[in-house]
Every structure is written in C-alpha cells, then in structure tokens.
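Start at 1 and go down the list; that is how both ligands and their atoms are numbered.
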Amino acid sequence: MRAAVLREYNADLSLKEVADPRPEEDGVVLRTLACGVCRSDWHGWTGEHPRVKPGQIQGHEYSGEVIEAGPRAPWRVGDRVVAPFILACGHCPACQSGHQNTCPDQRLPGFVEPGAFAEYVAVPSSHNLARLPESLSPTLAAGLGCRVTTAWHALTGRADLRAGEWLAVHGTGGIGLSALLIAKALGARVVVVDVVQEKLDHARGLGADAAVNARDGDTAAAIRDITGGGAHVSVEALGIAQTTNASIECLRPLGRHVQVGMPVGHTAFMEINMNAVYVKNLALYGTRGMPSWRYPSLLALIEHEVVDFSPLIAREIPLTGASAELRAFNGPTPPGVAVITDFAN
Ligand SMILES: [Zn+2]
Ligand SMILES: [Zn+2]
C-alpha cells in the first residue's frame, strides 16, 4: 500500500510502498476514507512527542471501511467506522469502570503503531470503533478526530459545563473551536482567546460571545471583566505556560481549569500560578481523549443537527499534502483542520 512515512524529524514525509497490514484476532483492517492532520501529529513530526520515532506512519484521526476482520472482531467487511485515537483493551479495571481513555494497555495507531497516513490501516482492539451514521460523511467523521472527542469529554465528562455558565477557551485551533461549538449547544456563554485576529473573527462567526486577542495585554483580566468576575470553566488548548496561567487566572472562585493542550518537550514542566489555585479554590482537570462508549452520545448530537461541526473542516488534501500541513504548525495557523481524503495522490 501507499503510505507517508516519517523518515526524519522536521523533514518531508517519505511517500512509499509498504506492506499491506493484516488484522489481529480482535482487529480489523480499514481502507482509509479520510484522515485528519493534527497538532499531535506535529508534536510527533518535530520529535517532541516521546513515543513517535522515525519509521512511523502517523495519522490517528481516521474513518474507514472494513476490508478484513479478525475472527474475534465485532465487524463485517463493508462496515464504515470511526476510531477514537486511544484504543483501550476493554478488560482491565480502568476499562471496566468506563475510563477506557486511561487504559494502561492502550494501543495507539499513528503514534506507536502504523497509522492512517496510508491507504489502509490496521485497527487492533476494534471494539473501540463506532459505526458511522449514514448521514455523517467520512471526511467530517475523521475531522472530528481527537479534537471534538477530547472537547466533548473535557466539557461534559470532566468539567461538567452547565447552561448559563461562562467558558473561556484559550487557543482557537481545532480543539478550541470544538469546545466553542459544543459549549454553545449546551447553552453556555463562550469567550475565546487567540493571538491570530483572523481566528478570533472566525470564532465570533461561529457563535463566540466575546473574543480576546492575547497580544492586547492582560488576557485573564480582560476575561474576568467580560464575564463579570471570571469564567466558570476554562479550557487550555495549547499546552504552554502562558496560556495555562491565563486559563487559571481568568477563572472565578471555585472555577474549573481543564488542561486539554498537551504539554510536551520543553513545556512539560511549567511554572503555574498555584497561588491562584489556592486562593480561588480552583479545580484542575487533566483530560486526554474520550472513552469509546461516549461516541454514540456525540454522534447523536451531529445526527440530530444539535451541533454542526462542518465548519471545523477547512480543506481536503491529498496524502502528498500532509508534509506541508505539518510544517504549517510551526507557526500560527489559519482556522480549521485539513483532512486527507485522496490517498492515491
Ligand atoms: Zn483497559
Ligand atoms: Zn489529533
């Protein structure tokens, strides 16, 4: 099959023919219909992600059609499915208690095992997959990627965002925009923060109640002003100290900070204003991914047109375009996500 392989950090992916994947006992092989390109891929591409090594086929935001199923896989040839980026074992105490995204035996196609920047992708532990509703395009399903699933779980599985509350969103990339769209559907009010005015304007167009350009000075003070005392919930979607502190400092007393951005490499250890955490009695949540059992609740929102996530998809690209998309994350990016939909070019 044709695949884009990480040959060397920060260099163009190498397009080449590699062996077709085979299904595991409980796994399937998918013909890749679409695969999103994500900042997490960029973390791997730059060498900052601790587990992504040269030789890796990246791509963890895929939808596909089953072309082969292992004997214990609950799928048939022709089924169209979407995957969470964390594939849980299904047997351990974490999985049994519903927290599959913390499974210690998780499998990670695109990070550790071959991913979906390729014509085909093997998916082990295929009980994690969710069937695509008829009305949901494979491109949008892939574009939901880790951003929408993570945002859905961050707001409803972790911080318990309620109607009428103020949500602050620091960083209006894919996760930030997903959080905005979900929060508006839940009846919350949303203030977005970014350094790219075009992205703030885009977020306003998608329903953000207020926007703060972080280049304009004290972001946290501006948010406390807009929200009449501070946000109830704040999502940090970048993984760096400056936005993490703005997130913590923009909260009202008893507010909830959710760390969605992935602090890796030089940002893994950061200085945080713990005095604000102490004085304001804040709660700090970490979150990563979504347990796969929550897919039906998320997909139902789309099927019943409660939330339209299509504005997240900025462009469809061929596999040859993946390198340029990764490189683009080196600087501030325009709004929206790129999704690979053509694996022959
Ligand atoms: Zn498990
Ligand atoms: Zn992702």
Metal-centred angle, the Zn ion (ligand 2) as apex - NE2 of His60, SG of Cys146, 10° resolution:
120°

Check for me whether the distance between the ring centres of His60 and Phe111 falls short of 6.0 Å.
yes

OG1 on Thr267 to NE2 on His43, rounded to 0.5 Å
7.0 Å

Output for pair (Asp201 CG, Leu206 CG), nearest 0.5 Å, gives 11.0 Å

Closer than 2.8 Å to the Zn ion (ligand 1), what protein N/O/S atoms do you find?
Cys89 SG, Cys92 SG, Cys95 SG, Cys103 SG

Could you please spell out the steps behind the side-chain contact (heavy atoms from CB on, under 4.5 Å) verdict for Arg80 and Arg131?
CA-CA 6 Å; Arg80 291 189 158 200; Arg131 187 180 298 276; over 6 Å; no

Answer yes when Arg107 and Glu24 have at least one side-chain N-carboxylate O distance shorter than 4.0 Å, and no when they do not.
yes

With a 4.0 Å cut-off on N to O distance, would you call Asp160 and Arg158 a salt bridge?
no

Determine whether more than 12 heavy atoms belonging to other residues, nucleotides or ligands lie under 6.0 Å from atom CD of Gln242.
no

For Glu61, the N, O or S atom at the shortest distance from the Zn ion (ligand 2) is OE2

